[in-house]
Asker: 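Quick one: this structure, given as structure tokens, is what I'll be asking you about.
Small disclaimer: the values here were computed from a predicted structure and weren't measured. Numbers restart at 1 for each chain; the letters A, B, ... are given by sequence-line order, proteins then strands.
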2 protein chains.
Amino acid sequence: MQRSVSLTRLKIACSDCNLRELCLPVDLNAQEIQQLCDLSHAKHAYSRGDYLYRSGGKFGSLYAIYSGSFKTQVLHEDGREQVTGFQMVGEIIGLDAICTDRHTCDAVALENSEVCELPFNKLEVLSRKLPSLQRHLHKIMSREIVRDQGIMLLLGSMRAEERLAVFLLNLSQRFAARGLSPTQFQLRMSRQEIGSYLGLKLETVSRAFSNFQDSGLINVKARSVELLELSGLHALVGKQQ
Amino acid sequence: MQRSVSLTRLKIACSDCNLRELCLPVDLNAQEIQQLCDLSHAKHAYSRGDYLYRSGGKFGSLYAIYSGSFKTQVLHEDGREQVTGFQMVGEIIGLDAICTDRHTCDAVALENSEVCELPFNKLEVLSRKLPSLQRHLHKIMSREIVRDQGIMLLLGSMRAEERLAVFLLNLSQRFAARGLSPTQFQLRMSRQEIGSYLGLKLETVSRAFSNFQDSGLINVKARSVELLELSGLHALVGKQQ
DNA sequence: CACGGATTTTGACATATATCAAACCGGTTA
DNA sequence: TAACCGGTTTGATATATGTCAAAATCCGTG
């Protein structure tokens with residue numbers, strides 16, 4: 001069944017970037033996504049706000065995003081919720097449950113989206129059959145941990161504008177990886193969601209956007225963004241203190 | 001050789017606590033540590049400031065702390081360094097390298113300490129021989145990832161005093177687990193190191209200590225701490241916003 | 001096209017933490 | 001004992017972000 005797609009070639013998205021992608025998105029090119037979808041025989045549609053899966057829910061499948069985008073979030077006892085990642089076309093989500101067999105976060109559609117259910121409902125089973133895949137997942141996870149160390153420093157020590165710069169550069173990179181424009185795109189998430197993701201209030205996010213605009217680094221109008229000076233954004237991030 | 005110690009019973013320290021222990025300390029009781037040391041035939045001594053291992057260094061062994069304590073830290077390109085964890089008697093460090101075969105942080109002695117080299121220089125080899133151990137490590141890692149999600153919310157949203165409260169309660173718990181007093185102990189790390197760990201400046205840490213003292217929650221004099229009202233500290237943490 | 005609700009922007013102000021500086025220990029050495 | 005040194009505490013002030021509120025803008029719907 002699943003012969004024609006080499007899952008062992010899965011690459012984790014942006015492993016060299018400092019943003020957190022705790023739900024382990026995985027890069028696939030358009031062709032691979034198409035292949036997966038052909039295999040899956042199960043493409044599902046979700047409307048804005050629909051849950052792809054919920055925290056605590058039993059692990060069913062991995063999902064490749066065919067169109068649209070999702071956010072992942074954790075809900076805390078006290079009701080607060082935090083966005084832990086954004087997933088876009090061509091990325092795979094659901095890996096957060098590979099070990100515990102339970103999802104550790106909610107996945108919610110940011111817009112009308114389609115996902116392909118990957119043709120195995122138990123990755124663990126598959127991974128036992130494919131030692132190389134298991135080793136790969138192992139690696140992915142350990143890389144995640146390592147990466148998180150960086151993130152924590154960032155969250156602890158970066159200022160609002162630096163965080164937003166990292167965020168925008170990350171998005172840019174991911175759009176580029178899908179053959180989309182890396183300098184001009186539509187945000188699919190609100191200021192509130194960006195803020196939750198970056199550990200900031202929505203007003204702070206908005207102000208940071210405005211500041212970038214004033215500095216000539218970007219053009220921003222509501223959710224449409226144009227990056228004018230990638231180098232300038234990079235410089236912001238590099239600038240310690 | 002390593003028959004008498006059941007490594008598959010390793011439990012990750014404080015998996016229910018919100019503090020980050022990225023270098024994966026593992027709980028062992030005094031007896032188990034002794035057993036490990038008997039097996040290892042290799043007990044090493046380190047003075048304050050000595051490196052147990054360095055980031056990037058090839059994975060050699062796991063180490064069980066027989067006496068003393070260590071901190072783990074990451075060094076960043078720009079020279080900044082951040083403490084990522086503290087390890088005390090009875091905990092195992094070195095697991096950060098199990099997958100990549102390279103250490104991801106420095107481990108430095110906080111005081112004169114002794115560690116036992118665990119009797120296998122390649123955990124991966126062992127883990128291949130022991131599927132149950134491999135699965136367990138798998139689980140530990142995935143739990144780490146889950147836990148980190150919580151941490152990131154905390155770092156993003158907790159205030160200085162809450163962070164310090166979490167820190168103190170975590171220490172208390174770990175002392176208790178070793179049969180030491182959970183309410184009265186000596187800190188082995190400086191305000192600066194605590195600050196780095198919690199994402200705060202040393203002065204802020206110091207002030208938080210003083211505030212706790214003024215509120216009657218603790219007695220603190222330099223590095224000796226007495227927790228007077230555990231419930232009060234817990235309340236602080238629970239108190240959102 | 002106009003309306004209404006949601007989102008975004010902007011402003012004024014409050015608050016928490018960082019920064020800078022000085023004083024204060026506690027232990028070590030001369 | 002005195003001088004010293006690292007670490008700690010405390011104070012005054014600066015700065016970044018949060019908070020609250022209002023205005024402006026966007027977007028879907030009738």
Asker: Quick check on the helix from C/dC1-D/dG30 to C/dA30-D/dT1: what's the angle between its two end axes, five base pairs per end, to the nearest 10°?
Answerer: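 Answer for the end axes of this duplex: 20°.
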Asker: Take atom CZ of B/R159 and atom C1' of C/dA18, then tell me their distance rounded to the nearest Å.
Answerer: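 Answer to the nearest Å: 16 Å.
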Asker: What is the separation between atom CD on B/E162 and atom C1' on C/dT17, rounded to the nearest whole Å?
Answerer: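 Going from B/E162 (CD) to C/dT17 (C1'), I get 14 Å.
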Asker: So which atom in B/F86 and which in B/K71 form the shortest heavy-atom distance, rounded to 0.1 Å?
Answerer: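 Nearest heavy atoms, B/F86 then B/K71: CD2-CB, 3.8 Å.
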Asker: Figure out the CG/P separation between B/L200 and C/dT15, and round it to whole Å.
Answerer: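 For the pair B/L200 CG and C/dT15 P, the rounded distance is 20 Å.
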Asker: Tell me the interatomic distance from B/L187, atom CG, to D/dG7, atom C1', rounded to whole angstroms.
Answerer: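 The answer, rounded to whole Å, is 13 Å.
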Asker: Could you label the plane-to-plane angle of the A/H103 and A/Y53 rings as parallel, tilted or perpendicular, counting under 30° as parallel and over 60° as perpendicular?
Answerer: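 Geometry flag for A/Y53 against A/H103: parallel rings.
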Asker: Can you tell which of A/L228, A/L169, A/V166 makes a side chain to side chain contact (heavy atoms under 4.5 Å, CB included) with A/L233?
Answerer: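 Testing each of A/L228, A/L169, A/V166 against A/L233, the sole residue satisfying side chain to side chain contact (heavy atoms under 4.5 Å, CB included) is A/L169.
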Asker: What is the separation between atom CD on A/Q186 and atom P on D/dC26, rounded to the nearest whole Å?
Answerer: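 Spelled out: CD on A/Q186 to P on D/dC26 is 12 Å.
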Asker: Output yes when a side-chain donor or acceptor of A/R163 lies under 3.5 Å from a complementary backbone atom of A/M158, and no otherwise.
Answerer: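 Yes, A/R163 side chain to A/M158 backbone: donor-acceptor pair under 3.5 Å.
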Asker: Could you tell me whether the side chain of B/Q173 and the main chain of B/N170 form a donor-acceptor pair under 3.5 Å?
Answerer: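 No.
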Asker: If you look at every heavy atom in B/S196 and B/E81, which pair is closest and at what distance?
Answerer: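 B/S196 and B/E81 have their closest heavy atoms at OG-O, 3.7 Å.
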Asker: Would you kindly give the CG-to-C1' distance between A/N211 and D/dA16, to the nearest whole Å?
Answerer: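 Roughly 12 Å, once rounded to whole Å.
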Asker: Considering only side-chain heavy atoms of A/R223, which listed nucleotide, D/dT17, C/dT7, D/dT19, is closest?
Answerer: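 It is C/dT7.
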Asker: How close or far is atom C1' of D/dT15 from atom NZ of B/K201, stated in whole angstroms?
Answerer: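 My rounded result for the distance is 13 Å.
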Asker: With under 30° as parallel and over 60° as perpendicular, where do the rings of B/F175 and B/F185 fit, or are they tilted in between?
Answerer: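 Taking B/F185 first and then B/F175, their aromatic rings lie parallel (interplane angle under 30°).
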Asker: Looking at A/S190, I'd like to know whether one of its side-chain N or O atoms comes within less than 4.0 Å of OP1 or OP2 on C/dT7.
Answerer: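 No, A/S190 has no side-chain N/O under 4.0 Å of OP1/OP2 on C/dT7.
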Asker: What string of B, S and - do you get for nucleotides 9-14 of chain D, 5' to 3', when a contact is any protein heavy atom under 4.0 Å?
Answerer: BBBB--
Asker: What are the two closest heavy atoms between A/N219 and A/Q213, and how far apart are they?
Answerer: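 Heavy atoms of A/N219 and A/Q213 come nearest at OD1-OE1, 3.0 Å.
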Asker: Can you tell me the distance, in whole Å, between the CD atom of A/Q192 and the C1' atom of C/dT9?
Answerer: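 Taking CD of A/Q192 and C1' of C/dT9, I get 15 Å after rounding.
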Asker: Where is the tightest heavy-atom contact between B/P182 and B/L227, given as atom of each residue plus distance?
Answerer: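 Of all heavy-atom pairs spanning B/P182 and B/L227, the closest is O-CD1, 3.7 Å.
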